[in-house]
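A quick write-up on the structure given underneath.
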Amino acid sequence: SNTINHRDTGGYDILWFAIAYAEFSKESDNGHLKIIKLLLSHPDIQVNPLPGQKRPSCALYWAVYHNRIDIVQLLLAHPNIQINAVDG
């Protein structure tokens, strides 16, 4: 299996954590953006929600939820993003 997309028991992957914690780390925000850019550059990164998720775990949803326009722009520029995808 592909560990870049591994999800914890709550259904969250590393991209979700990078986006969620960027909101709480204002002083190191530039570092979080670098991490998100690095993750998005991986050829196997999953940017869309997986079917059957019970909670919202979609990267785009959380970037919008946290009002992170910079991260939304990065996600929308990803070639595999499905802006109408639905999750939990």
Side-chain angles (χ1 to χ4, degrees):
S1 72
N2 185 348
T3 57
I4 189 88
N5 296 311
H6 173 77
R7 293 182 181 269
D8 68 5
T9 56
Y12 302 109
D13 62 14
I14 193 70
L15 182 58
W16 180 90
F17 281 104
I19 292 168
Y21 284 97
E23 180 61 22
F24 301 113
S25 302
K26 298 291 187 189
E27 65 279 353
S28 63
D29 191 51
N30 192 32
H32 278 81
L33 287 176
K34 287 179 184 177
I35 291 169
I36 292 166
K37 287 178 184 178
L38 180 63
L39 290 169
L40 291 173
S41 73
H42 192 283
D44 297 326
I45 193 73
Q46 175 59 261
V47 294
N48 299 303
L50 297 176
Q53 289 294 112
K54 295 180 181 175
R55 301 182 208 174
S57 60
C58 176
L60 185 57
Y61 170 88
W62 284 104
V64 171
Y65 179 83
H66 288 296
N67 199 28
R68 295 301 306 262
I69 303 302
D70 49 352
I71 299 171
V72 170
Q73 290 173 329
L74 291 173
L75 290 166
L76 290 177
H78 195 277
N80 297 330
I81 194 78
Q82 296 173 354
I83 61 170
N84 294 321
V86 177
D87 69 358

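All of these numbers come straight from a predicted model, not from anything done at the bench.
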| Stepwise side-chain contact (heavy atoms from CB on, under 4.5 Å) check, Ile36 with Asp70 | CA-CA 11 Å; Ile36 292 166; Asp70 49 352; over 6 Å; no
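By the side-chain contact (heavy atoms from CB on, under 4.5 Å) test, Leu38 pairs with Ser41, sequence neighbours left out. The side-chain contact (heavy atoms from CB on, under 4.5 Å) test applied to Asp8 returns Tyr12, Phe17, not counting sequence neighbours. Applying the side-chain contact (heavy atoms from CB on, under 4.5 Å) test to Ile14 and every residue at least two apart in sequence or in another chain returns Leu39.
Note on Ile71 and Ile83: same hydrophobic cluster, where clusters join Ile, Leu, Val, Met, Phe, Trp and Tyr whose side-chain heavy atoms are under 4.5 Å apart, directly or indirectly.
Nearest heavy atoms, Gln82 versus Asn48: N-OD1, 2.7 Å. The shortest non-hydrogen separation linking Gln46 to Asp13 is O-OD2, 4.0 Å.
Summarising the geometry, atom CG belonging to Leu74 is positioned 9.0 Å from atom CG belonging to Leu76; distances are rounded to the nearest 0.5 Å.
When atom types are taken as modelled, the side chain of Asn80 and the backbone of Val47 share no donor-acceptor pair closer than 3.5 angstrom.
In this structure, the side chains of Leu33 and Arg68 come closer than 4.5 Å at one or more pairs of heavy atoms. Residues Leu75 and Leu40 have side chains in contact (heavy-atom distance under 4.5 Å, counting atoms from C-beta outward).
Below 30°, between 30° and 60°, or above 60°: for Tyr65 and Tyr61 the angle between ring planes is below 30°, a parallel geometry.
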